Amino acid sequence: MDGADDQRPAIAGRVADWYREDHRDLPWRRPGFTAWGTLVSEFMLQQTPVARVIPRLEEWLDRWPTPADLAASPAGEAVRAWANLGYPRRALWLHAAAVQITERHGGDVPRDVEALLALTGIGDYTARAVAVFSFGDRHPVVDTNTRRVIARAVHGQGQPGPPHARRDLAAMDALLPDDDGDAAVVNAAMMELGAVVCVARSPRCDECPVAELCAWRATGYPAYDGPTKGVQKAYEGSDRHVRGLIMRELRAAHVPVTDAEIASLWPESVQRDRALAGLLADGLAVRSSRGGYLLP
DNA sequence: CACACGTGGAT
DNA sequence: TATCCAAGTGT
């Protein structure tokens, strides 16, 4: 992967050309979409598919068009509006970030990666996604899509290994052209390629703009032999499941949910109590002064 | 660093 | 039906 046979510039160039030719028309790619809109969309897109995010995003931005608008609402309203996007703590984090933006940055989403990283719920991916896609600065943006495309096209492996921030950022950075705008396109294009062509299950290599440059394809699609991801635990009957049932009840309620109502949601008291205690500890639920439980 | 954290669609 | 997967982050 060094010297004259480095295919990375060619890969980046072709993926960028492919993206410029055509790509999905997504709300956050509209001209004039605000930095706040980008930030909200990135929070929602953390582990939730694009198709489920779009309607919620529109509602959210209609209701809270600026960070200050969200900061002025109770955190529980953010959790309620989050609806069934999943991982409701993200709604809490987004609300906290809105408060921090209002307090620290005069209500304007910061441009610096360091300042973005200091906000609750923003990590390596989201900080750089905002800096690049909203502000146009040059940073590597690494998500599950780019990790997979790099693993295949550059490293010849069917799947990316376990995430390693330092290494992953460097690998993406090595694909970026010098120009800020061109680099932003490569970031977006690598994500798009991973999302619609170089997908996890059945990659559509016949439609891939870098098929002839792909190291994985060139070596006959060798089976992945690296470290495997841990086995995903069953959702049915898990603590997550019980937490989800309780949160659904809290979102629907506009008066305190009683212990009896909570008890009706899950038969095993030990697990039920553990789930509720976890939600209280996470700040997703609070005890009402009248008894019962409410969103914060 | 491995794990916990929701939810629903696809295979 | 069971499993995989989805624009990750915090601990």
Side-chain angles (χ1 to χ4, degrees), chain A residues 19 23-24 26-29 37-57 79 82-94 96-97 116-134 139-149 158-169 172 184 187-196 198-203 224 227-251 274-275 277-279 281-285:
Chain A
Y19 181 84
H23 54 73
R24 293 173 296 171
L26 300 172
W28 42 93
R29 292 174 177 165
T38 300
L39 183 58
V40 173
S41 73
E42 295 298 351
F43 263 87
M44 292 184 171
L45 288 163
Q46 293 169 5
Q47 298 288 280
T48 298
V50 167
R52 276 207 286 153
V53 163
I54 290 174
R56 292 281 163 266
L57 176 65
V79 175
W82 197 258
N84 63 342
L85 287 178
Y87 292 147
R89 50 172 65 180
R90 287 181 293 157
L92 228 40
W93 292 342
L94 177 53
L116 287 161
L117 284 170
L119 301 173
T120 304
I122 293 192
D124 286 329
Y125 166 75
T126 303
R128 290 176 179 77
V130 170
V132 170
F133 301 135
S134 184
H139 303 281
V141 180
V142 174
D143 78 332
T144 188
N145 292 303
T146 62
R147 280 170 28 76
R148 185 173 53 250
V149 172
Q159 303 175 39
H164 186 292
R166 198 74 188 226
R167 204 156 45 206
D168 296 341
L169 287 166
M172 187 65 208
N187 275 308
M190 291 287 285
M191 290 174 64
E192 184 79 353
L193 187 69
V196 306
C198 193
V199 294
R201 289 285 181 94
S202 305
Y224 176 69
T228 66
K229 315 177 190 180
V231 188
Q232 184 173 333
K233 290 169 62 179
Y235 180 71
E236 274 296 317
S238 66
D239 283 7
R240 280 149 90 150
H241 185 182
V242 181
R243 286 169 59 107
L245 293 174
I246 296 173
M247 286 307 299
R248 186 174 62 178
E249 194 74 11
L250 293 177
R251 285 195 304 267
R274 185 171 62 233
L279 293 173
D282 291 345
L284 283 165

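Since this is a predicted model, take the numbers as computed values, not measurements. In the text below, chain A, chain B and the rest are named by the order of the sequence lines, each starting its count at 1.
Looking only at distances, a side-chain donor or acceptor of A:Thr48 sits under 3.5 Å from a matching main-chain atom of A:Leu85. In terms of modelled atom types and a separation under 3.5 Å, the side chain of A:Trp93 and the main chain of A:Ala97 share no donor-acceptor contact. Under the 3.5 Å distance criterion, the side-chain polar atoms of A:Glu42 are left unmatched by any main-chain donor or acceptor of A:Val130.
Taking the P atoms as reference points, C:dA2 lies 22 Å from B:dC5, given to the whole Å. Across the C1' atoms, C:dT9 and B:dG9 are found 24 Å apart, a figure rounded to whole Å. Comparing the P positions of B:dG6 and C:dT1 gives an interatomic distance of 26 Å, to the nearest angstrom.
Within the nucleic acid shown, A:Arg128 has no heavy atom closer than 4.0 Å to any nucleic acid atom. A:Ala129 comes within 4.0 angstrom of no nucleic acid atom, judged by non-hydrogen atoms across all strands.
Each of B:dG6, C:dC5, B:dA4 was ranked by its minimum atom distance to the side chain of A:Lys233; first place goes to B:dA4. Candidate nucleotides C:dG10, B:dC5, C:dA6 were compared by shortest atom distance to the side chain of A:Trp93, and C:dG10 ranks first. Side-chain proximity of A:Tyr235 to the nucleotides B:dG6, C:dA7, C:dC5 is greatest for B:dG6. Among B:dA4, C:dG8, B:dT7, the nucleotide with an atom closest to any side-chain atom of A:Asn84 is B:dT7. Picking from B:dC5, B:dG8, C:dG8 the nucleotide with the shortest atom distance to the side chain of A:Asp143 gives C:dG8. Closest contact between the side chain of A:Tyr125 and the listed nucleotides B:dT7, B:dG6, C:dA7 involves C:dA7.
Where A:Pro49 and A:Leu119 each meet DNA chain C at their nearest nucleotide, the meeting point lying more 5' is that of A:Pro49. Both A:Arg201 and A:Leu245 lie close to DNA chain B; mapped to their nearest nucleotides by heavy-atom distance, the more 5′-ward contact belongs to A:Leu245.
With hydrogens and angles ignored, no donor-acceptor pair closer than 3.5 Å exists between the side chain of A:Arg52 and the base of B:dG8. No N or O donor and acceptor, one from the side chain of A:Thr120 and one from the base of C:dG10, sit under 3.5 Å apart.
For the pair A:Arg274 and B:dA4, the criterion of a side-chain N or O lying under 4.0 Å from OP1 or OP2 is not met. Between A:Gln46 and C:dG8 there is no side-chain N or O to OP1 or OP2 distance below 4.0 Å. Using a 4.0 Å cut-off, no side-chain N or O of A:Arg90 falls inside it from OP1 or OP2 of C:dA6. Between A:Arg243 and B:dG6 there is a side-chain N or O to OP1 or OP2 distance below 4.0 Å. Contact annotation: A:Thr126 side-chain N/O to C:dT9 OP1/OP2 distance is under 4.0 Å.
When every heavy atom of A:Arg56 is checked against every heavy atom of A:Trp82, the shortest pair comes out as CD-O, 4.1 Å. Across every non-hydrogen atom of A:Thr146 and A:Asn187, the tightest pair is CG2-O, 4.4 Å.
Taking atom CD of A:Glu42 as the reference point, atom C1' of C:dG8 lies 11 Å away to the nearest angstrom.
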Q: Output, in order, the C-alpha distance, side-chain angles, deciding distance and verdict of side chain to side chain contact (heavy atoms under 4.5 Å, CB included) for A:Asn84 and A:Arg248.
A: CA-CA 8 Å; A:Asn84 63 342; A:Arg248 186 174 62 178; over 6 Å; no

